[in-house]
Amino acid sequence: MLLRAKLPKNGFDYSGITPGLEWQLEQIMQIDLRNEQQNIMIVGECLTGKTALAAEIGRSAVEKQAKVLYLTTEDFLIAVNRQNTNWKRMLKCDEEVLSG
């Protein structure tokens, strides 16, 4: 499932997160992505860990048996516009993890 999700291999470093971010991450990890339609948008400056965070959320969802597809924002917009293979895969997923 992890390979099909196309998740990046970035590991998430929990050692440097603030208490507020830690709380938010705990809340996100409790969402049952198989049964709830949720959108998660991660926004921030370059090199702040957005990709690693998105991958961590995606890995957690896969461990809970959710179907995940990781796409960059650009690839997501292309898939929506062209309704290509990624579009068809997105329709079968419980969660799309976007980073861009």
Quick one: pull up CG in Leu53 and CG in Leu25 and give me the separation to the nearest 0.5 Å.
6.0 Å
Distance from Ile28 atom CD1 to Leu21 atom CG, nearest 0.5 Å?
8.0 Å
If you group Ile, Leu, Val, Met, Phe, Trp and Tyr by side-chain heavy-atom gaps below 4.5 Å, do Trp23 and Tyr14 land in one group?
no
Taking every heavy atom of Ala61 against every heavy atom of Val68, the minimum-distance pair comes out as CB-CG2, 3.6 Å
Determine the sole option in Met29, Glu22, Gln24 for which the side-chain contact (heavy atoms from CB on, under 4.5 Å) test with Glu26 is passed.
Glu22
Between Ile57, Asp75, Thr51, which is the residue that forms a side-chain contact (heavy atoms from CB on, under 4.5 Å) with Tyr70?
Thr51
The side-chain hydrogen bond (donor to acceptor under 3.5 Å, both in side chains) partners of Thr18 (sequence neighbours excluded) come to none
Lys64 side-chain N/O to Arg59 backbone N/O, donor-acceptor pair under 3.5 Å:
no
With a cut-off of 6.0 Å (strictly less than), are more than 12 heavy atoms of other residues, nucleotides or ligands near CD of Gln27?
yes
